[in-house]
Amino acid sequence: MLDLKAIREDPAPAREALARRGDGSEAVLDRVLALDVRRRALLPEVEELRSTRKAASRQIGEQQGRGDDASEAIAEVRRSGERMKELEAELRRVEEELDRAVAELPNPPDPGAAPQDTVLREVGRSGATGRDHLELLGDLVDLEAGARVAGSRFAYLKGPLVLLELALVRWAMEVAGGHGFEPVIPPVLVREEALYGTGFLPDTEQQIYRVADDDLYLSGTSEVALASLHAGQLLDEPDLPLRYAGFSPCFRREAGAAGRDTRGIFRVHQFDKLELFSFVSVSEAVAEHERILAIEEELMQALGLPYRVVNIAVDDLGKSAAKKYDIEAWLPGQGAYRELTSCSNTTDYQARRLDIRYRPAEGKGTVHAHTLNGTAVAVGRTIIALVENGQQEDGSIVLPEVLGQWGAPARIEAAS
RNA sequence: GGAGGGGUGGCAGAGUGGACGAAUGCGCUGGUCUUGAAAACCAGAGUCGGGGCUUCCUCGACCGUGGGUUCGAAUCCCACCCCCUCCGCCA
């Protein structure tokens, strides 16, 4: 969602930024501007009618208060009501259309968003190949049972993997806390408004599970509930930044992903994730984005995983991000870098849709906050990376020492 | 699942069919007092959207949402949404 006032004065920058996405959204912007013109033509007319009506009504009250006859004036006002209703109806139609068009618009990309995916740096030893996680883990991952019980792309994780997950999450929560992120367990089922506000609707409904009887949706990421935590609130700038580390299961229908990543637990319908989310003032957003990326890298390095950082291409940003970094870990089982985490600067896009503002410390008025999100640990994929990178000649797996104190096993024995 | 109560300004919380958005408290801003701060006292301040001769003026909208009654609705009626309390059930 964009700031109409700013854009009607100078639409060029927004139009050019949107055009970079290559999705035709600059045409939507032009539609928005045309509707805005119509609205502002209609509005003064309606308002003037309302104004005179209001004055007349007040007079009637005074007349009657004095005991005078006001029937003439009442008839007069009643007549003007017809015309006003027509105009108001038309205004409402225009405004509804305008709102819909505005909601369609994606966030204009940041100038720093790359034309194509761009590798910023590679860290750690990559290039190794080996057995993939399914071979290494054997029946610690039970996809057959998952499929029988819930369908394909569901899995049971067992034994040491469970301890590994819990340790991973507990440890990452500790690291996040050290960076000022408050631990949160958010709702997983959310209302439509939360998805609309974060920009997942309207657009990606085919990716989202819906609980029809209760009109709720299963979130694909706790970003949805975390962003909505302060929806409708007017904050004070000194209270910012507000930082949360949310742990939750995530649910994705993966419609349209048929045939892709079908082996193992790389792409499943349900996984657990620790997500970082920040509400910041406008001036802090860019620095916060780098901060979140730095935390993600800190986690990768502490786990000893080889990875690279990618500045994601403008045409692949998703609706809400102005700029996005992915961290891809090297997976020896696939002989490739694959996405493990992702962090986005969504600027004021979600804050506008969710109505999250703050009073600036200096000056008057209110300002929409900026929001950012990033993966701390996507558990399933991190387990894959740890297992495949920790594999030994004999098929056993050595796990990072840091996790030991949080209850993870030091190693997993070779699958039988 | 059964019964009831309620949705009002940043927060808490009054409220009458007409005094032009709304008591009071807290919080906020400015001032007085003070070496400074606190307290006390005085004053100010809602949000959004139009328009303008754009540090200000003006108009409109906004008391959950949408309809209705009325010359006039926070206030009356209807529908919907949401929240809360009690009982039942329950991890």
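Keep in mind it's a predicted model, so treat the numbers as computed, not measured. Sequence lines set the chain letters: A, B, ... in the order given, protein chains first and strands last, and positions in each chain run from 1.
- Separating the CE atom of A:Met84 from the P atom of B:G60 is a distance of 12 Å, rounded to the nearest angstrom.
- Rounded to an integer number of Å, the gap from A:Glu96 CD to B:U65 P is 15 Å.
- If you measure from atom OH of A:Tyr358 to atom C1' of B:U47, you get 17 Å, rounded to the nearest angstrom.
- Annotation: B:C78 and B:G25 have their P atoms spaced 36 Å apart (nearest Å).
- A sub-4.0 Å separation between OP1 or OP2 of B:G60 and a side-chain N or O of A:Ser51 is present.
- For the C1' atoms, the distance linking B:A73 with B:G67 amounts to 14 Å, nearest Å.
- Pairing of B:A40, defined by two Watson-Crick or G-U wobble distances under 3.5 Å, is identified with B:U32.
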Do any N or O atoms of the protein come closer than 3.5 Å to N or O atoms of nucleotides 7-13 of chain B, and which pairs are they?
residue, atom, partner, partner atom, Å
B:G10, O4', A:Arg359, NH2, 3.0

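- Pair assignment for B:U65: B:A79, on the basis of Watson-Crick or G-U wobble contacts that are both within less than 3.5 Å.
- Nucleotides B:A38 and B:U55 place their P atoms 33 Å apart, quoted to the nearest Å.
- If you take CD on A:Gln350 and CG on A:Asn373, they are separated by 6.5 Å, rounding to the nearest 0.5 Å.
- Using P as the reference atom, B:C11 and B:C86 are 25 Å apart when rounded to the nearest Å.
- Between A:Leu340 and A:Ala385 the shortest heavy-atom distance is CD2-CB, 4.1 Å.
- Rounded to whole Å, the P atom of B:G1 lies 30 Å from the corresponding atom of B:A14.
- When the C1' atom is compared between B:C63 and B:A39, the two are found 35 Å apart, to the nearest whole Å.
- Between the side chain of A:Asp117 and the backbone N or O of A:Ala313 there is at least one donor-acceptor pair closer than 3.5 Å.
- If A:Glu48 and A:Arg53 are placed on RNA chain B by their nearest nucleotide, the residue sitting closer to the 5' end is A:Glu48.
- As a whole-Å value, the separation of A:Gln233 CD from B:U47 C1' is 16 Å.
- Judged by distance alone, with hydrogens and angles left aside, the side-chain atoms of A:His368 form no donor-acceptor pair with the main-chain N or O of A:Arg357 at under 3.5 Å.
- Within 4.0 Å of A:Arg38, counting heavy atoms only, lies no atom of the nucleic acid at all.
- The shortest distance between the side-chain N/O atoms of A:Thr366 and the OP1/OP2 oxygens of B:C48 is below 4.0 Å.
- With both ends at atom C1', the span from B:U65 to B:C82 equals 10 Å, rounded to whole Å.
- Every pair tested for ring-ring contact (aromatic ring centres under 6.0 Å, His included) that includes a residue from residues 36-61 of chain A fails, sequence neighbours excluded, so the list is empty.
- The side chain of A:Lys54 contributes an N or O atom lying less than 4.0 Å from OP1 or OP2 of B:A61.
- The closest donor-acceptor contact from the side chain of A:Thr204 to the backbone of A:Phe200 lies under 3.5 Å.
- When both distances must be under 3.5 Å, the Watson-Crick or G-U wobble mate of B:C86 is B:G2.
- Note on A:Arg50: every side-chain N or O is 4.0 Å or more away from OP1 and OP2 of B:C62.
- Where A:Arg39 and A:Arg92 each meet RNA chain B at their nearest nucleotide, the meeting point lying more 5' is that of A:Arg39.
- For B:U54 and B:A37, the P atoms lie 38 Å apart once the distance is rounded to whole Å.
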**Item:** Verdict with reasoning, A:Leu161 to A:Tyr156, per side-chain contact (heavy atoms from CB on, under 4.5 Å)
**Value:** CA-CA 10 Å; A:Leu161 292 186; A:Tyr156 284 79; over 6 Å; no
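- When the P atom of B:G50 is taken as reference, atom CG of A:Leu87 falls 18 Å away, rounded to whole Å.
- Looking only at atom types and distance, the side chain of A:Glu288 has no donor-acceptor partner in the side chain of A:His370 under 3.5 Å away.
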Every protein N/O within reach of nucleotides 81-84 of chain B N/O, cut-off under 3.5 Å:
residue, atom, partner, partner atom, Å
B:C82, OP1, A:Arg191, NH1, 3.4
B:C82, O3', A:Arg191, NH2, 2.8
B:C83, OP1, A:Arg191, NH2, 2.9

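- B:A14: no Watson-Crick or G-U partner with both key distances under 3.5 Å is found in any strand.
- The partner of B:G60 is B:C48, by the rule that a Watson-Crick or G-U pair needs both atom distances under 3.5 Å.
- In this structure, CD of A:Glu88 is placed 14 Å from C1' of B:C62, rounded to the nearest angstrom.
- Here A:Arg50 pairs with A:Glu88 in a salt bridge; the nearest charged N to carboxylate O distance falls below 4.0 Å.
- A salt bridge is absent between A:Glu96 and A:Arg92; no separation between the charged side-chain nitrogens and carboxylate oxygens falls under 4.0 Å.
- Atom CD in A:Glu193 sits roughly 12 Å away from atom C1' in B:G64 (whole-Å rounding).
- Remark: the A:Thr341 side chain and the A:Glu296 side chain contain an N/O donor-acceptor pair separated by less than 3.5 Å.
- Computed from coordinates, the A:Asp355 CG to B:C48 P distance equals 9 Å when rounded to whole Å.
- Side-chain atoms of A:Thr221 and A:Lys273 include a donor-acceptor pair closer than 3.5 Å.
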